[in-house]
Amino acid sequence: MSFVTRFAPSPTGYLHLGHAFSALTAFDAAQAAGGRFLLRIEDIDQGRARPEFEAAIFEDLAWLGISWEEPVRRQSEHMADYAAPLQSLIARGLIYRCFRTRKEIAEAIASAPHGASEDRFRGEPLPADEEAAKLEAGDAFAWRLSLKKARSVLGPAYFTLVFEDETGLVRAEPEKHGDVVLARKDFDASYHLASVWDDALQGVTQVIRGEDLREAAHLHVLLQKLLDLPQPTYRHHRLILGDDGKRLAKRDQAATLRAMREAGQTPSDIRRLLGLQA
Ligand code: GLU
């Protein structure tokens, strides 16, 4: 069986130890399986992505001893690709235009019967005449996935959707997410859509990423089902914590690979620190 995995960083800051753990875990797994390792630049958020961070990703990964296949897929160069899945979802009524502002969404969540603690939103498309008036007025909107429609389209398959991760077979619970945004008004795809689409396009068979994205799998497998895409196997690894016990973030400068390199650490030191085999 073929084994294709990837590391998919967003160039919005310098890579830190947590990224190194993710990249090395995926790279080592591909090596061990005699498989392929891909690097994908997830730069759809053009407001935050910066070329110098992308250049630093290449440099830091090469320094770690990681090699990847060329060409690297840079999502910002393929924005038109995401129109096809969006059109297909629109045609089946699976996504709807949501004109609510962030504040209105927060209020809707707070007043929902499930209670304010659950950060998820469920909406409905507007009646056609109201929607037409808003479109006419040029109001902003987002395309949201309708879980209600997904349930009715898939029928019993919605409730028996499963995926495999390091814990075994997991029943997918897309409800954890509510009706997520899959694109903005002008078809700017969201992370969820772009990532799922690209994983399929690139033939990724194993998604290896941090624990922080465990919940995302519950939504991603639903998108795969709705878009008739193959389902990869998932593996979520532990997160690397800073001295304060919190997970590392882009602001933790001391843990960036470049800071560690400048402080004289070697790639083997990094592997040792992460508990990975040298
Ligand atoms: N681009 C995402 C991030 O930087 C990773 C997405 C993924 O691995 O699916 O967190």
Side-chain angles (χ1 to χ4, degrees), residues 3-30 36-58 60-61 64 66 68 72-79 81-82 85 163-166 170 172 174 176-177 180-182 188-224 227 229-241 246-252 255-257:
F3 184 109
V4 184
T5 191
R6 57 22 168 224
F7 176 55
S10 300
T12 55
Y14 291 119
L15 298 186
H16 54 59
L17 268 183
H19 296 110
F21 189 56
S22 229
L24 287 167
T25 302
F27 179 70
D28 289 357
R36 296 167 55 202
F37 174 82
L38 311 176
L39 173 62
R40 183 167 74 229
I41 300 294
E42 297 208 326
D43 59 349
I44 46 177
D45 185 351
Q46 284 289 292
R48 291 173 62 222
R50 298 231 303 263
E52 61 269 34
F53 292 137
E54 184 189 290
I57 289 172
F58 299 143
D60 291 347
L61 293 180
L64 282 174
I66 291 177
W68 54 90
V72 167
R73 184 170 171 90
R74 194 181 281 123
Q75 288 186 325
S76 60
E77 290 172 352
H78 301 276
M79 293 309 281
D81 291 16
Y82 311 119
F163 62 92
E164 194 186 330
D165 74 4
E166 70 289 353
V170 181
K176 286 173 182 289
H177 291 268
V180 293
V181 172
L182 291 189
D188 261 355
S190 73
Y191 154 68
H192 295 299
L193 183 75
S195 181
V196 161
W197 188 253
D198 283 356
D199 280 339
L201 189 86
Q202 296 187 287
V204 170
T205 61
Q206 321 279 326
V207 170
I208 299 174
R209 60 189 176 196
E211 190 78 73
D212 52 335
L213 286 167
R214 182 181 293 283
E215 294 233 325
H218 291 260
L219 170 67
H220 293 182
V221 296
L222 174 62
L223 290 175
Q224 286 148 7
L227 293 167
L229 303 173
Q231 192 190 88
T233 296
Y234 290 86
R235 177 166 150 199
H236 304 103
H237 59 69
R238 70 186 167 90
L239 299 181
I240 303 300
L241 306 179
K246 297 210 183 94
R247 68 179 263 234
L248 290 173
K250 299 229 154 105
R251 63 182 176 276
D252 294 309
T256 63
L257 295 177

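These numbers were taken from a predicted model, which means no experiment stands behind them. Counting starts at 1 for both ligands and their atoms, in listed order.
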Between Tyr234 and His218, ring centroids under 6.0 Å: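 No: the rings miss the under 6.0 Å criterion.
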Please answer whether the main-chain N or O of Phe37 pairs with a side-chain N or O of Thr5 as donor and acceptor at a distance below 3.5 Å. no
I'd like the name of whichever of Glu42, His19, Arg6, Arg40 reaches closest to atom 8 (O) of ligand 1 through any heavy atom.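 Considering heavy atoms of Glu42, His19, Arg6, Arg40, the nearest to atom 8 (O) of ligand 1 sits in Arg6.
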Looking at ligand 1, does any of its N/O atoms fall within less than 3.5 Å of an N/O of Ala8? yes
Counting from 1, what ligand 1 atoms have a heavy atom of Arg209 closer than 4.0 Å?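 Counting atoms of ligand 1 from 1, those under 4.0 Å from Arg209 are 7 (C), 8 (O), 9 (O).
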Asp198 and Arg6: CA distance, side-chain angles, deciding distance, salt bridge (Lys or Arg N to Asp or Glu O under 4.0 Å) verdict: CA-CA 11 Å; Asp198 283 356; Arg6 57 22 168 224; over 6 Å; no
At under 4.0 Å between heavy atoms, which part of Ser195 makes contact with ligand 1: side chain, backbone, both or neither?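 Ser195 to ligand 1: side-chain contact only, backbone stays beyond 4.0 Å.
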At a 4.0 Å cut-off, with the gap strictly under it, does some heavy atom of Tyr191 reach an atom of ligand 1? yes
For Glu211 and Arg247, what are the C-alpha separation, side-chain angles and deciding distance, and is it a salt bridge (Lys or Arg N to Asp or Glu O under 4.0 Å)? CA-CA 11 Å; Glu211 190 78 73; Arg247 68 179 263 234; over 6 Å; no
Checking Arg238 against Phe21: charged group under 6.0 Å from the ring centre and within 45 degrees of the axis?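 Yes, a cation-pi geometry.
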